[in-house]
Amino acid sequence: MSVWKQWGLEPIINASGAVTRLGGAPMPPEVLEAYVLASRESVPLDQVQGLASRVLAQHTGAEAGLVTSGAAAALTLGSAAILAGYDLSRIEKLPNTEGLANEFVVAREQRNGYDHAVRAAGVRLVEVGFHEIIAGSGVRRVEAWEYEAAIGPRTAGVLYVQDRDARPPLAEVVAVAHRHGLPVLVDAAGELPPRANLRRFLEQGADLVAFSGGKAIRGPQGTGLLVGRRELIGSAALQLLDLDEHWELWQPPPELIERDRLRGLPRHGIGRGFKVSKEQILAVLTALDRFVHSPVEIKIPLILLERLAQQLAGIPCQLCLPLEEESMPTLEIQVVKQSAIEVCRRLRHGSPPIYVGHGKLDRGRLIIDPLHLDEQTLPRLAQRLREELSERTAE
Ligand SMILES: *Cc1c(COP(=O)(O)O)cnc(C)c1O
């Protein structure tokens, strides 16, 4: 019997992919095994993060890396690192940035709900540019010179939210920032796959890159990765780790934290609430290893979606092959003669509840992502979709 049912919760059919709100991507068996085995022995957490740094450096080409509690925490810690560096008084003060250069320049069109994580460190975001195509007022988007024009004595860094369609290209923004000695923090939380992106943004000059560990990498849902320049990663580690230790005894892994640069041991930093366990760290490293070494297999998901499409006979739907290399195909179902929101609601309220991708409801489309689907869930999913779509459209 389902463990969730034993505790009084009904598990859902997740047809919307690696969504945090629904519990993230399914973890592969070897990742779960690493989690359990890691729990059996004790290891100091700073050493575990030192190990993580070596593994992340190897897989991303970064100087160093840190496992965080999600990409969002990686953004807060990355921002805190840019603001404070190895300065003990700054580390102590954050998120209070009074008297400090605390502005990050960001394209107005890249602002999104996750940048709260950047502001949480004490950053003030300074917006530049317009997306005049979306606004319906013109043909231009944000341009590199606009970043430059916004840089002043209070500027501490640049925030860039990576997306296949992001403008201007990261390399142009990096060139402007580096001309002024400013670091660039990249939110690439959902930009895997393709696997090449693990290295791409660093190669393009980003100083820090945040990835989610619980999306396509399929590590524990609560994990993230921060990779980049050693000095910044060291500061982020200092602000994350539990530092209830004697200075005389404290020997952090040198590849992660440069002890010689400190005059003493900081107190718990702004990231102390973003604790990551040794089990989570080993599990996400295992997941990353697997992700890097196994090509994304779309044959089986494709067969599942084709079979689902057949079983939806008569209901208009379209198989969408991945636009990006190594990503998943999806099936888009067109809802006709009724409200897509209503169909979505009824699917969620059935038994078992079904959650479909809801990114295109405004266009009357349900998106089926195959990540969590298998031979067992497919027939019930097809049946519920038929009940909600074919009978009612025939009415
Ligand atoms: C998912 C996402 C995040 C947050 O990632 P978590 O690992 O859940 O913290 C941040 N930024 C963007 C753009 C995302 O898509």
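Note that ligands are numbered from 1 as they come in the structure, with each ligand's atoms numbered from 1 the same way.
If you check which protein heavy atom lies closest to atom 4 (C) of ligand 1, you get Tyr114 CE2, 3.4 Å. For atom 1 (C) of ligand 1, the closest non-hydrogen atom of the protein is Lys215 NZ, 1.5 Å. Among all non-hydrogen protein atoms, the one lying nearest atom 13 (C) of ligand 1 is Asp187 OD2, 3.4 Å. Of the protein's heavy atoms, Ala72 N, 2.9 Å lies nearest to atom 9 (O) of ligand 1. The protein non-hydrogen atom at the shortest distance from atom 7 (O) of ligand 1 is Ser212 OG, 2.6 Å. Closest protein heavy atom to atom 8 (O) of ligand 1: Thr20 OG1, 3.5 Å.
A salt bridge between Arg200 and Glu203 is absent, with no side-chain N of the basic residue lying under 4.0 Å from a carboxylate O of the acidic one. Comment: Glu191 does not engage Arg164 in a salt bridge, judged by the lack of any side-chain N to carboxylate O separation of less than 4.0 angstrom.
Remark: Arg259 qualifies as a cation-pi partner of Trp247 under the 6.0 Å distance and 45° angle criteria applied to the six-membered ring. Geometrically, Arg140 does not engage Phe130 in a cation-pi contact, judged by NZ or CZ lying under 6.0 Å from the ring centre and within 45° of the ring axis.
With atom 5 (O) of ligand 1 as the reference point, the heavy atom nearest to it among Ala71, Gly224, Gly213 is part of Ala71.
Only the side chain of Ala189 comes within 4.0 Å of ligand 1, judged by heavy-atom distances.
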